[in-house]
Amino acid sequence: MRSKELVALVSGLAVLIIFAAVSTYFLAFRSLPTTVSWAPSVSAIAPGGDLTLSGKVSPAESGRHVSFESAPKTQGPWQPMSQAATTDINGLFTITFTPQFAGSIVMRAMVDPAGRYLAVTGVSKPLSLLSLSSIILNGGGTIPTQVPLKFSLVVSPPSVARTVQMEQSSDKVRWVPVGPSARTKTDGSASISMPSPAVGVWSYRARVIQDDKFGGAVSPIVGVTVEDIKAAAATYLRITNVWNASQRTFGTAIDRANASTDVLGNLRSAALVSSAADTSAAAQLRAYGSWPQSVRSLIDQIINQFVVSADSDHQLSAAPDLASWNTLMTQENVATTPGEGLATLIRQALGLPQRPTS
């Protein structure tokens, strides 16, 4: 009796051992599910733009191969893409490339099987190719200070309510947004007005912002020169008033020299002082960097006149005798006569009253 019970017990134990072994085998070698979460960096992209695809594969394991497919719609037909990625130790993957497609597509990520881990197909995500935009900016030129800047622009293709932002630069390298943004009308046009910047040369461009249909675009650069005519006029007066005073002093010195015992010596001294005044006036006119465009060439010419006068006066300061003085003085008067006409033109351009003729 005991023998039969022992046999039954042994048989039952054997069955349990076999069942445990089979269960362990299936647990050790059964297939395990894989999940993948992923997303494109943007849902719409302009032609030629970069797209980044990134995501995570679970369970985390390095070396999992992730490929991508595209289709015109969620139902397919699906086509393999040339791009692929590999997971890192945390199961993460990322890839950046420039898509080559037209219109709108859907994409999905696919993870290949690896060992006991099964393959998996991720959720499909839509991606749209935006239409190209272009923008033309009009305006700029030369304006007086404190006069508002006014620009007009046209965005193509025409679309209402496109957002446009002006950008400003002093060196065409660093650009900063400036002024209020504008919205396009139905025909793609818009107008922008903003306060005048500081005196100087500035560059402007208009940027139309990307939206869900159209890509962004930047206009060609438009130049703006802001001139402070009042400041330029005041500077010109300050410099030339000092020079005019020096010339009156020069004339008085000549009169006194003619009445003195040392005529030539006093004439030489007066000429030397006048030469220094000519040189100073030329240097100050040249140093001022904000002459309005309307007078720049005239200022350059009158600077040359001051240089000629300074050289003539320097020669007078070394005249060996009165005859040489008189000859040099006549030559200087001929050489500097055009300066009178230049001064008249400059004063007119700067809005200054003309000097009295007597």
Side-chain angles (χ1 to χ4, degrees), residues 35-57 64-88 91-112 119-138 151-167 175-177 181-190 192 204-222:
T35 61
V36 58
S37 59
W38 75 284
S41 55
V42 293
S43 60
I45 188 170
D50 288 339
L51 177 67
T52 298
L53 307 178
S54 56
K56 182 176 183 179
V57 175
R64 296 293 300 270
H65 183 264
V66 184
S67 58
F68 301 92
E69 291 184 336
S70 65
K73 52 187 178 180
T74 305
Q75 293 77 17
W78 293 94
Q79 299 292 330
M81 300 175 65
S82 60
Q83 289 75 27
T86 303
T87 60
D88 62 15
L92 302 175
F93 64 89
T94 184
I95 184 172
T96 300
F97 62 100
T98 303
Q100 302 294 327
F101 68 93
S104 298
I105 62 171
V106 288
M107 301 176 62
R108 64 185 184 185
M110 304 181 68
V111 183
D112 289 353
V120 66
T121 299
V123 176
S124 61
K125 304 289 180 71
L127 181 66
S128 299
L129 181 67
L130 302 174
S131 298
L132 287 173
S133 295
S134 64
I135 180 170
I136 298 175
L137 180 65
N138 298 305
F151 297 98
S152 62
L153 57 91
V154 178
V155 176
S156 296
S159 180
V160 68
R162 296 287 305 273
T163 301
V164 180
Q165 177 67 60
M166 294 296 299
E167 296 178 340
W175 293 89
V176 295
S181 61
R183 294 295 187 97
T184 58
K185 300 176 183 178
T186 305
D187 60 358
S189 66
I192 297 178
Y204 290 87
R205 66 186 187 186
R207 180 183 297 275
V208 58
I209 308 304
Q210 176 178 308
D211 59 20
D212 58 352
K213 293 182 179 180
F214 302 98
V218 178
S219 73
I221 295 173
V222 169

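Because the structure is a prediction, the values reported are computed rather than measured.
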Chemist: About how many Å separate CD of Q100 and OG of S70, when rounded to the nearest 0.5 Å?
Modeler: 12.0 Å
Chemist: Looking at A206 and M166, what are the two nearest heavy atoms and their distance?
Modeler: CB-SD, 3.8 Å
Chemist: Set out, in order, the CA-CA distance, both residues' side-chain angles and the distance that settles side-chain hydrogen bond (donor to acceptor under 3.5 Å, both in side chains) for T163 and R183, then state yes or no.
Modeler: CA-CA 5 Å; T163 301; R183 294 295 187 97; 3.0 Å; yes
Chemist: Would you please name every residue forming a salt bridge (Lys or Arg N to Asp or Glu O under 4.0 Å) with D187, sequence neighbours left out?
Modeler: none
Chemist: In the structure I gave you, are the side-chain heavy atoms of L153 and S219 within less than 4.5 Å of one another anywhere?
Modeler: no
Chemist: Where is the tightest heavy-atom contact between P77 and P72, given as atom of each residue plus distance?
Modeler: O-CD, 3.6 Å
Chemist: Using the rule given for side chain to side chain contact (heavy atoms under 4.5 Å, CB included), can you reason through L53 versus M107, listing the C-alpha separation, both sets of side-chain angles and the distance that settles it, and then say yes or no?
Modeler: CA-CA 10 Å; L53 307 178; M107 301 176 62; 3.6 Å; yes
Chemist: For residues 71-84, pull every pair meeting salt bridge (Lys or Arg N to Asp or Glu O under 4.0 Å), keeping only residues two or more places apart or in separate chains.
Modeler: none
Chemist: Can you tell if the side chain of F93 reaches within under 4.5 Å of the side chain of R64, non-hydrogen atoms only?
Modeler: no
Chemist: Mind checking what makes salt bridge (Lys or Arg N to Asp or Glu O under 4.0 Å) contact with E167, not counting sequence neighbours?
Modeler: R205, R207
Chemist: Please confirm whether the backbone N or O of S134 pairs with a side-chain atom of S156, one donor and one acceptor, at under 3.5 Å?
Modeler: no
Chemist: Taking all atoms of both residues into account, what is the closest heavy-atom pair of S124 and T74, and its distance?
Modeler: OG-CG2, 3.7 Å
Chemist: How long is the straight-line distance from CG of D50 back to OG1 of T52, given to the nearest 0.5 Å?
Modeler: 7.0 Å
